[in-house]
Amino acid sequence: METIAQSIYSEFVQQVQAQQVAKVLIQADRIDYQLKAAWGNQRYQTRSIGSVADVQGFLRDNGVEFTVVPEVNSTASGLIGLLVSAGMMFGAWALLNKFSKEGSDFGNGLGNGFGSGFGNGGSKARVYGNGKTGVTFEDVAGVDEAKRELQEVVDFLKDGEKYRSIGAKLPKGVLLVGPPGTGKTLMAKAIAGEAGVPFLSMSGSEFVELYVGVGASRVRDLFNQAKRKAPCIIFIDELDAIGKSRGNNINGNDEREQTLNQLLTEMDGFDGNAGVIVVAATNRPEVLDAALRRPGRFDRQVLVDRPDKIGRAQILKVHGASVRLGADVDLDVIATLTSGFAGADLANLVNESALMAARHNRTSIAMADFKEAFERVVAGLEKRSRVLNPMERQIVAYHEVGHALVGALMPGGGKVSKISIVPRGSSALGYTMQTPEEDRFLMLENELKGRIATLLGGRSAEEIVFGRVSTGASDDIQKATDLAQKAVTQYGMSESLGPIAFESQQSQFLDNGTTRRSISSEVSVEIDRLLKQSIDEAHAVAIAILRHNRSLLESVTQRLLEVEVLEGEELATLLAQVQAPIGIEDWL
Ligand code: ADP
Ligand code: MG
Ligand code: ZN
């Protein structure tokens, strides 16, 4: 017996926006849905807040398949009505089960088969929206970098003649990459809006139809329309639904493949100067077929990332403008609280706060409503584990600053150019970026040592500040150990063993079935000793540097917690204050 969990509507909204929802069944007063296999196939039930039409529109915008269960005739007796709707529910869930048992990739357009059982027009894929979008760059906040990059595309569309007359080739395809809900779709609309050109849009999952050939002919149709309407934008949302690498699907999905091939053909077929620019969006760039990235296709990639604190304040301002905010509402405070939120999460937060205020019969939103809504929204987000609690945030901040301070004193590692604690996806909680000053192909021995110390800087900071370490440093330790081992076994950087390569360079195995040469047990012990020694030394150096700069560690971390991203001149000024403890030169 499967369980059906209850969820609040905002959670449903989140899950839809995060592309976690596979199938939705809309009924007059409630919504039944199931998550994709990757999210455990869990079924949920929630009460609908909006009208059926609103929910339909929302799902369509997010490319989620749905079916509307026709309302049971209200004149029928209560009992019969109940039986009928129960029967329909059963039928629908049976279908859901059938699909999930087939183990197919949900969200890739099984929806038509699903919907056809009810003969309902609602789930029919929208072919494309047309006309002016009315969205401008002002509506998209907190992603200035992406806007700057896309401004050029707007210029191409607006004033193609200027570029053509010089003989410049206009780009054909731009790929917007970023986590769900960061505003990729919105951004695509804004490009069209800014340029004042038509916007033809379609979602990848809509392309993949039940009958072979339909997807491909839709692509052809879409491009033909676009050429007539040029200059214009073709927007393909969820490009991964059709653009998944063709190699790694054993069963093969002929329909998807044909659709993808047609898309590639169309993109190759039109002249870049025709004034049609294809913008696509995906949150899974890694699964895309390499053919899509070739020159003349989606050769430009623009990152639309989660906003930092300033970005979040800007987004809150955009969405706050359409509701009535009370005098005590401080959007900067809310921006501070919402680390890890994407634009869609913030839009949802504003909306939930408005609902909360209405529930309390207020005429404007109070800070208390925001707080209450915040807790509900976070509860939904935490399941996706990307919101750090305050303690975790502190640990991550000290950790990253630890890398940066140690790295600042090390030779050849390049400048530490950015420290960030804005969560990215589920893996990296924060990161420190080092930009090499020049292209380097060789690493000197002291640089290698410095690199190991820098890698251990994160963990060392945790030790100094908290007296214990978190699991967050495991990747650093892995990398540091690998480097230290290579120094001894591949680069011949130890005095006692000398320039003997103990690892085979080639990937093939040596006679003894491993990549390590057969070595005496004495040598093996020596390798282990050297490895431990170099890690211990590097660790001690990292600790010494951080102890020596304890108050700087503190102040930089506090600043990082405040602004979340440190870069540019401010970071350079801070790192210039790092003092070298005595003896570091000798060690290097
Ligand atoms: P994506 O396509 O990246 O998943 P969407 O563009 O569909 O995200 O975003 C959904 C909604 O969230 C938008 O319609 C908008 O209301 C809000 N939103 C997302 N990002 C932003 C942003 N950067 N600025 C303002 N609003 C945003
Ligand atoms: Mg989108
Ligand atoms: Zn680290």
Side-chain angles (χ1 to χ4, degrees), residues 13-14 16-20 57-64 133 135-147 176-191 201-205 235-241 279-284 302-308 310-323 341-351 395-404 406-407 419-421 427-434 454-462 469-480 542:
V13 169
Q14 295 284 345
V16 168
Q17 287 172 339
Q19 301 292 331
Q20 296 174 353
F58 169 67
L59 292 173
R60 219 173 281 142
D61 286 347
N62 283 280
V64 174
T133 64
V135 178
T136 69
F137 275 167
E138 255 177 53
D139 300 309
V140 198
V143 280
D144 295 341
E145 186 67 27
K147 270 195 236 176
L176 303 178
V177 175
T182 47
K184 298 181 292 298
T185 306
L186 193 63
M187 183 68 99
K189 287 182 183 158
I191 299 170
S201 88
M202 208 161 154
S203 170
S205 60
F235 177 58
I236 303 175
D237 210 347
E238 295 177 77
L239 180 65
D240 45 279
V279 178
T282 182
N283 48 28
R284 306 170 65 199
V302 174
L303 178 66
V304 184
D305 217 338
R306 287 204 187 95
D308 61 8
I310 295 169
R312 292 196 299 272
Q314 289 167 347
I315 295 172
L316 285 166
K317 215 164 284 162
V318 168
H319 290 278
S322 55
V323 294
F341 276 45
D345 304 327
L346 294 167
N348 182 37
L349 174 65
V350 171
N351 188 48
I395 295 175
V396 172
Y398 279 109
H399 178 105
E400 297 306 329
V401 173
H403 283 307
V406 175
I419 320 177
S420 162
I421 54 166
S427 53
L429 298 172
Y431 66 87
T432 301
M433 206 158 88
Q434 273 181 303
T454 306
L455 281 166
L456 295 175
R459 176 199 153 97
S460 303
E462 290 184 44
V469 293
S470 70
T471 53
S474 69
D475 187 50
D476 297 335
I477 293 172
Q478 184 72 47
K479 282 195 191 124

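Numbering of ligands and ligand atoms starts at 1, following listing order. Side chains are part of it too, since the values below use all heavy atoms of this structure and drop only hydrogens, waters and symmetry mates.
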Just list the side-chain donor-acceptor pairs under 3.5 Å for residues 314-322, sequence neighbours left out, or say none.
| residue | atom | partner | partner atom | Å |
| --- | --- | --- | --- | --- |
| Q314 | OE1 | G142 | N | 3.3 |
| S322 | OG | H319 | O | 3.1 |

Check your understanding: Given G343, A347, G63, which has its nearest heavy atom closest to atom 21 (C) of ligand 1?
Key -> G343
**Study point:** Nearest-option assignment for atom 25 (C) of ligand 1, heavy atoms, candidates V135, D139, N283, D305
**Key:**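 Nearest heavy atom to atom 25 (C) of ligand 1 lies in D139.
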Nitrogen or oxygen atoms of [X] and ligand 1 under 3.5 Å apart:
{"X": "G181", "result": "yes"}
{"X": "N62", "result": "no"}
{"X": "L186", "result": "yes"}
{"X": "K184", "result": "yes"}
{"X": "T182", "result": "yes"}
{"X": "A141", "result": "yes"}
{"X": "G183", "result": "yes"}

Practice item. Could you name all protein N, O or S atoms found under 2.8 Å from the Mg ion (ligand 2)? Key: T185 OG1
Check your understanding: What residue and heavy atom of the protein are closest to atom 2 (O) of ligand 1, and at what distance?
Key -> T185 OG1, 2.7 Å
**Study point:** Identity and distance of the protein heavy atom lying nearest atom 12 (O) of ligand 1
**Key:** A344 CA, 3.1 Å
Check your understanding: Which of the atoms in ligand 1, numbered in the order shown and given with their element, are less than 4.0 Å from a heavy-atom of V140?
Key -> 23 (N), 24 (N)
Practice item. For P180, counting its heavy atoms only, list the atoms of ligand 1 lying under 4.0 Å from any of them. Key: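 In order of number, 4 (O).
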Taking the side chain as everything from C-beta on, heavy atoms only, tell me whether [X] gets closer than 4.5 Å to [Y].
{"X": "V177", "Y": "V304", "value": "no"}
{"X": "F341", "Y": "N348", "value": "no"}
{"X": "F137", "Y": "I191", "value": "yes"}
{"X": "T136", "Y": "D139", "value": "yes"}
{"X": "E400", "Y": "S420", "value": "no"}
{"X": "Q14", "Y": "D345", "value": "yes"}
{"X": "N283", "Y": "P180", "value": "yes"}

Review point. How far does CZ of R306 sit from CZ of R312, to the nearest 0.5 angstrom?
Key: 11.0 Å
Check your understanding: Out of curiosity, T282 OG1 to L176 CG, how far, rounded to the nearest 0.5 Å?
Key ->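 Nearest 0.5 Å value for the OG1-CG distance: 10.0 Å.
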Check your understanding: Is any N, O or S atom of D476 under 2.8 Å away from the Zn ion (ligand 3)?
Key ->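 True for D476.
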**Study point:** ligand 1 contact by K189, heavy-atom criterion under 4.0 angstrom
**Key:** no
Exercise for review: Start with the C-alpha distance between D476 and H403, add both sets of side-chain angles, then the distance that settles side chain to side chain contact (heavy atoms under 4.5 Å, CB included), and finish with yes or no.
Suggested key: CA-CA 10 Å; D476 297 335; H403 283 307; 3.0 Å; yes
Exercise for review: Could you tell me whether I310 atom CD1 has more than 12 heavy atoms of other residues or ligands within 6.0 Å of it?
Suggested key: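 Counting other residues, nucleotides and ligands, CD1 of I310 stays at 12 neighbours or fewer.
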Practice item. Report the C-alpha distance between E462 and I395 in whole Å, list the side-chain angles of each, state the deciding distance to 0.1 Å, and finish with yes or no for side chain to side chain contact (heavy atoms under 4.5 Å, CB included). Key: CA-CA 7 Å; E462 290 184 44; I395 295 175; 3.7 Å; yes
Check your understanding: Taking K184 for the side chain and G178 for the main chain, is one N or O donor matched with an acceptor at less than 3.5 Å?
Key ->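 At least one qualifying donor-acceptor pair exists.
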Point to revise | H319, portion touching ligand 1 at heavy-atom distance under 4.0 Å | key: side chain
